[in-house]
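Below is one structure, written out as structure tokens, with a few remarks after it.
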Amino acid sequence: MIYLLGPEANALVFAHDEWFRVREAFAALEIVDGPTSVVLSDGPDHARRRGLVRPSVAPRRIDGYVASMVASADEALEEVVPGETFDAYALMRRAIRRSTLRALFGADLGERADQIGDTLQPLLDMADHLPQTIDWLRRLRTPTWRRAVAARREIDDVTFAAIARERARPAGHDDDGSGPVLPMLVHGRDGAGSGLTDQEVRDQAVTMIAAGYETTSAAMGWIIHLLGRHPEWQERARGEVTDVLEGRAPEAHDLLGLPLLKAVVDETLRLYPPAMISARHVTTGFVHDGRSVVPGDLVIFSPYVTHRDPGLYDDPSSFRPDRWLHGGRRPPQEYLPFGGGQHRCIGSHLATTELTVMLARLLGHGSWALDRPATRARGFAAMRPHPGVGITLCP
């Protein structure tokens, strides 16, 4: 393993996609996402699949999902009893899971979000292991491996059935800009007339489910944790929600009027990027900083390390959303919560929109105090708060 840390190393990795492959680097995700996932694809296959998926997560489409995000947040918050402690990370994770499945498959499967999420969990747990560990689990056919295989079989049954139903419908039957993602994956075509096979649709859909709520909910947990530790920022954010929304639910056009909420999201993703490290498998040797990197090496770069570099950020360990309020944009090699280059996360706008909407609804229900702060970060594929974020909501 070769660690390339810092903005110059990040820029080198992002600028030279042709020197690397991601399939070998992210082999641990294959049992979850599938072999044709855009996350595991390289070269022309990656470009084609990414091009076919991109329209489903374009800003106009995401605007159409805001109402569903609001509904999912409100349904979860209805469970909360003011004055009683609850695990806000677990609650909002369920809300994001439901929102993700509704956006992907529509209302029917969205209502089965908890069941589907429970089925998927053994697969997500596998992604917390290193590739070498997963290989041994597979070779030994351990109970952990067998549970993951059974979970994949169940998820495939659900997903392929949904794909078959969509194949039987005419293209464009649900194209008002707010319909689910699945029809676009099934019926979409690129300029060459190419579309996604059923296996490719399955793999992109499951990738969206897994990444869409596992990493996004981890970030939401840290947002709640940080605002609980910094009540002054929580009150400022709540004041913005009150002033802009005046008690109503946010609509897509409102989000541009919530710059402080966006800054809170950006600062949380700086301190706690869900993917704290990322990797590339080297196929073409190169020299960096006087050291040779050869084919077969595994290059590791780290958003977490970069975001806490005192040479890039003043007081880097402190939660300071104001650093993003006045010309706070950073070049991609300095701020990379969603990676960068040709493999930058295609769902980044969907994730930040969902985080902003969920945070607005939580703030709209009252202020909160931490009763059980997260004690540490946990997780390899998604850095999440452990053992949870216990809060008490005060209307």
Side-chain angles (χ1 to χ4, degrees), residues 56-57 59 61-81 86-121 124 158-159 162 174 176-182 205-224 227 237 241 245 247-255 258 261-262 264-265 268 274 347-366 368 382 384-385 388-389 391 393:
S56 67
V57 289
R61 300 293 304 192
I62 293 170
D63 287 350
Y65 306 147
V66 168
S68 178
M69 296 174 188
V70 168
S72 298
D74 289 351
E75 289 166 4
L77 289 166
E78 286 176 0
E79 302 175 20
V80 175
V81 178
F86 66 98
D87 186 342
Y89 164 62
L91 184 84
M92 299 310 288
R93 186 173 186 265
R94 292 198 302 273
I96 290 169
R97 181 169 62 194
R98 188 172 301 166
S99 173
T100 300
L101 282 159
R102 283 172 170 167
L104 182 59
F105 291 117
D108 291 344
L109 283 182
E111 300 311 311
R112 296 171 55 194
D114 292 343
Q115 174 192 347
I116 293 172
D118 290 344
T119 300
L120 189 62
Q121 195 58 49
L124 297 177
V158 170
T159 308
D174 190 12
D176 63 354
S178 62
V181 169
L182 188 65
V206 174
T207 297
M208 288 183 179
I209 296 171
Y213 82 79
E214 191 70 2
T215 58
T216 306
S217 61
M220 190 69 208
W222 291 118
I223 289 172
I224 298 168
L227 289 181
V241 169
L245 300 179
R248 60 182 175 81
E251 299 178 20
H253 64 84
D254 292 313
L255 301 185
L258 299 170
L261 261 65
K262 182 181 184 302
V264 167
V265 169
T268 301
S348 59
H349 184 60
L350 176 62
T352 54
T353 299
E354 193 153 39
L355 289 169
T356 304
V357 170
M358 295 281 172
L359 177 57
R361 296 315 287 152
L362 180 59
L363 288 164
H365 278 70
W368 66 86
R384 55 193 182 272
V389 184
I391 69 171
L393 199 62

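Both backbone and side-chain heavy atoms feed into the values below; hydrogens, waters and symmetry mates do not.
R97 meets the side-chain hydrogen bond (donor to acceptor under 3.5 Å, both in side chains) test with D114; sequence neighbours excluded. Scanning for side-chain contact (heavy atoms from CB on, under 4.5 Å) contacts around P385 gives Y89, W222, A374, V389, with sequence neighbours left out. The side-chain contact (heavy atoms from CB on, under 4.5 Å) test applied to A210 returns V32, D33, L124, not counting sequence neighbours. Checked against ring-ring contact (aromatic ring centres under 6.0 Å, His included), W368 has no partners two or more places apart in sequence or in another chain. In this structure A90 satisfies the side-chain contact (heavy atoms from CB on, under 4.5 Å) test together with D87, R94, sequence neighbours excluded. Among residues two or more places apart in sequence or in another chain, the side-chain contact (heavy atoms from CB on, under 4.5 Å) test is passed with V241 by L245, L261, A360, L363.
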List the steps, then state whether side chain to side chain contact (heavy atoms under 4.5 Å, CB included) holds for V357 with L255.
CA-CA 8 Å; V357 170; L255 301 185; 4.1 Å; yes

Under the side chain to side chain contact (heavy atoms under 4.5 Å, CB included) rule, what do L227 and L359 come out as? Steps first, then yes or no, please.
CA-CA 10 Å; L227 289 181; L359 177 57; 3.8 Å; yes

For T353 and Y65: C-alpha separation, side-chain torsions, deciding distance, then whether side chain to side chain contact (heavy atoms under 4.5 Å, CB included) applies.
CA-CA 9 Å; T353 299; Y65 306 147; over 6 Å; no

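The shortest distance between side-chain heavy atoms of V265 and E354 does not fall below 4.5 Å. Considering only heavy atoms from C-beta on, I224 comes within 4.5 Å of M220 through its side chain. Using a 4.5 Å cut-off on side-chain heavy atoms (C-beta onward), H365 and V80 make no contact. Using a 4.5 Å cut-off on side-chain heavy atoms (C-beta onward), V158 and R112 make contact.
Between the CG atom in L362 and the CD1 atom in I391 there is a gap of 5.5 Å [rounded to 0.5 Å]. From I116, atom CD1 reaches atom CZ of R98 across 11.5 Å, with rounding to the nearest 0.5 Å. A distance of 4.5 Å separates CG in L355 from CD1 in I223, rounded to the nearest 0.5 Å. We find the OG1-CD distance between T100 and E214 to be 11.0 Å, quoted to the nearest 0.5 Å. Between atom CG of residue L101 and atom OG of residue S68 there is a gap of 10.0 Å, rounded to the nearest 0.5 Å. One distance of note links CE of M358 with OG1 of T356; it measures 11.0 Å at 0.5 Å rounding.
Minimum interatomic distance between S72 and R102 (heavy atoms only, all atoms of both residues): OG-NH1, 3.0 Å. Closest of all the heavy-atom pairs between V70 and P250 is CG2-O, 3.7 Å. In terms of heavy-atom proximity, A76 sits nearest to L91 at O-CD1, 3.4 Å. Contact between A219 and T268 at its shortest, heavy atoms only, is O-CG2, 3.8 Å. Here the closest heavy-atom approach between residue R61 and residue P180 is recorded as NH2-O, 3.7 Å. Across every non-hydrogen atom of G366 and L393, the tightest pair is O-CD1, 3.7 Å.
Of the possible donor and acceptor atoms, none in the side chain of S99 sits under 3.5 Å from a partner among the backbone N and O of A95.
D254 pairs with exactly one of R248, K262, R361 by the salt bridge (Lys or Arg N to Asp or Glu O under 4.0 Å) rule, that one being R248.
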